[in-house]
Amino acid sequence: MAAASAIARQWEFKLPITSLAVNRNGNWVCATLGDGTARLLEAHDDTDNPKILALHNGISLSLKADTNPAAFISGGDDGKILSFDPTNEAPVLLAEHKHQWVDHVASSTDGAYRAYSIGKQVHLLNAQGEKHGNPLAHPSSIGGLAFSPNSKRLAASHYDGVSLWWTNAKETVPVKLTWKGSHLGTIWHPDGKILLTSLQENALHGWRMSDGNEMRMQGYAAKIHSMDFTVKGKYLATSGADQIICWPFFGGGPWGKTPLTLGGSDARLVTQVAAHPKDELIAAGYDDGMIVMTPMDGRMEVMIHPPVSEKGNAVVGLVWSTNGDCLFAALESGYLMLFTISSVQKAVAHAN
Amino acid sequence: MNQIPVTVLTGYLGAGKTTLLNRILSEPHGKKYAVIVNEFGEVGIDNDLIVGADEEIFEMNNGCICCTVRGDLIRVISGLMKRAQNFDGILIETTGLADPGPVAQTFFVDEDVAKRAKLDSIVTVVDAKHLPQRLKDSNEAEEQIAFADVILLNKTDLVSKEELKKVEHAIRRINAFAKIVYTERCKVELDQVLGLGSFDLNEILKHEPDFLGAQGHDHGHDHHHNHDHAHGEDCHDHECHNPEHHHEQHDHQHDSTITSVSLTAEKPIDSSKFENWMGDLRANKGPDLLRYKGILDIAGSNQRLVIQGVHMMMEGSNLAEWKVGVKRQSRLVFIGRKLDEKQLREGFRACAVT
């Protein structure tokens, strides 16, 4: 069912949006733009116009929630790693590597560590922004970084596998998880027992920590740019197909299981997924700007048209506020949309 | 969405790549380029964006043994495309030892790169004085010539007429189809090296004088971009299973000679026979097929089938109709290692309708 008025508010930045993130407090959302600036919005339904913040002399290549629960961390193609709190004026420069690109940033949930990668090297910083240990070397460029949920390990994906580092040990040799191919996005199951990566070859690969048992998921039409675990880690929702592909992580799964598929459409590809933080509900964005919200049982799919729907105007960012009341969706062309549970409910009631 | 043209500059160390790059950047063309280099320092014009990248080659884990791509290019081009500021083009300067194959295949294989950027041409700078020696002592020099759309035969002032003839002959034996431009200190008109569309099927058609019957066809671009890899696509059923490790070993044969083969056919080509033959060829000989292009007269079709490929990657499209009164003929050219001309000729002949 279509519900055009489900959009509570929308903004047009007239610049491409490169990424979207929510801070750990879940009350501010940040969109980075193609001119190196950021737009910051409070995550509630009568949010004000966005704050504008100059970040990079170039663009942000990676944006995440920072260790400080109010703040964000961004790495740019100007070699800068910045931390910024939306309620403060200026970003804090954590480190700078001239003439190099900071490809990935990450922070640990316990607030103790930040990590960033430059080519093949990963650097760790503590919460104060000081260097933590020596740079960690890898055989090839880093495709993704993720701290384990308990913050004790850092996974760095690269060609032919993943390197696993202990964050508080002085070791110089990582545990290697190997599988041929170029590993990009990296995600831990919320219980920390399984690590998964998305591959250049339109597939997922995973390892169970306890016994090294591997899993391989394929059948995707495109690279998997977005992955998210639904509440309690029940399903891993993924982009990269014409439906939201949700792999079950219960009842012995995902081994030998077929995935749950939601939000089907022949004409478009899922580019972003975001699981609701509290309920068994998933939101997805498509390569033409469409948004779908659907409960995991698929019984009440809501499809929302963006202000401008066309190929090449893909959803490039999708995040929920931590209380689950607000969903923000960013379009490549520069639109940011806010949906609230009440705006969606009203639109659905109206359509009925 | 416009795809940004990408020009790849290759050439052996000392041939004059950096001179060419600086020449391109310093001309008063008012255009803005992003330049991907391996080493900073020698290049630099304030107006342009210079990005450093390590040549990181990796094999795709898709069962296609020659499907190697440049991971650093995927990363850098994806990053460049996020910028609001647009570039008129991207120039990639490779190291002297680079194999252009993975660079070219990156534009076929990676969907994000292919969406935003397109390979325009591979330009190879060779040094007229030192090429004979380079061809003896390195396989890379030979590969770089083989992949080229344009060969800048540089330092022509340093050799005699006879030497130049010999060098030209040596180049032609490897690559019979590239455009050779003679230069001193890489002095060249930019339209000789930029904006050529050498990988564009429509341009291939336009620049093929034997078949050129009509004006430019800028209508009905029916690009299918069949990036099929000739090794059985993954079925699109989603499944999860326990993988079995398989390690494929392969070595490139670096000591074989690269040649060009040109095939023609007067009789119309049977579409399915041709598909099978090309499919087998790519599957069995893919690593040795460096570049190929063709314009084909397919039986039962009024349109010309234009194809081009690098190793196993091939794309093809039915383009402009044959002009009435023009003699229809099929032409197919290969540049590759260990090409068996006789076998290719017979194979192609067998594709004709009987």
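Scope of the values below: all heavy atoms of this structure, side chains included, with no hydrogens, waters or symmetry mates.
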Please look at A/Asp103 and chain B and tell me whether the side chain, the backbone, both or neither of the residue comes under 4.5 angstrom of a heavy atom of that chain. side chain

Engaged part of A/Leu61 at the chain B interface, taking heavy atoms whose separation is under 4.5 Å: both

Around atom CG of A/Asn57, are there more than 12 heavy atoms of other residues, nucleotides or ligands at under 6.0 Å? no

Quick one: does [X]'s side chain get under 4.5 Å of [Y]'s, heavy atoms only?
| X | Y | value |
| --- | --- | --- |
| A/Glu201 | B/Val109 | no |
| A/Ser141 | B/Arg75 | yes |
| A/Lys120 | B/Asp54 | yes |
| B/Val51 | A/His99 | no |
| B/Lys82 | A/Asp77 | no |

If you round to the nearest 0.5 Å, how far is [atom2] of [Y] from [atom1] of [X]?
| X | Y | atom1 | atom2 | answer |
| --- | --- | --- | --- | --- |
| A/Leu199 | B/Met60 | CG | CE | 9.0 Å |
| B/Arg83 | A/Leu15 | CZ | CG | 13.0 Å |
| B/Phe58 | A/His183 | CZ | NE2 | 10.0 Å |
| B/Met81 | A/Ile59 | CE | CD1 | 11.0 Å |

Residue B/Leu80 versus chain A: region with a heavy atom under 4.5 Å: both

Which atoms of B/Val69 are under 4.5 Å from chain A, going by heavy atoms: the side chain, the backbone, both sets, or neither? neither

Not counting sequence neighbours, which residues clear side chain to side chain contact (heavy atoms under 4.5 Å, CB included) with B/Ile57? List them please. B/Thr68, B/Arg70, B/Pro102

Inspect the contact between A/Glu332 and B/Lys115 and indicate whether a charged nitrogen and a carboxylate oxygen are less than 4.0 angstrom apart. no

Contact leader toward chain B among A/Ala203, A/Gly253, A/Ser182, where contacts are heavy-atom pairs under 4.5 Å: A/Ser182

The criterion is side chain to side chain donor-acceptor pair (under 3.5 Å); which residues satisfy it with B/Thr94, sequence neighbours excluded? none

Without swapping roles, check the side chain of B/Glu111 against the backbone of A/Lys223 for a donor-acceptor pair under 3.5 Å. yes

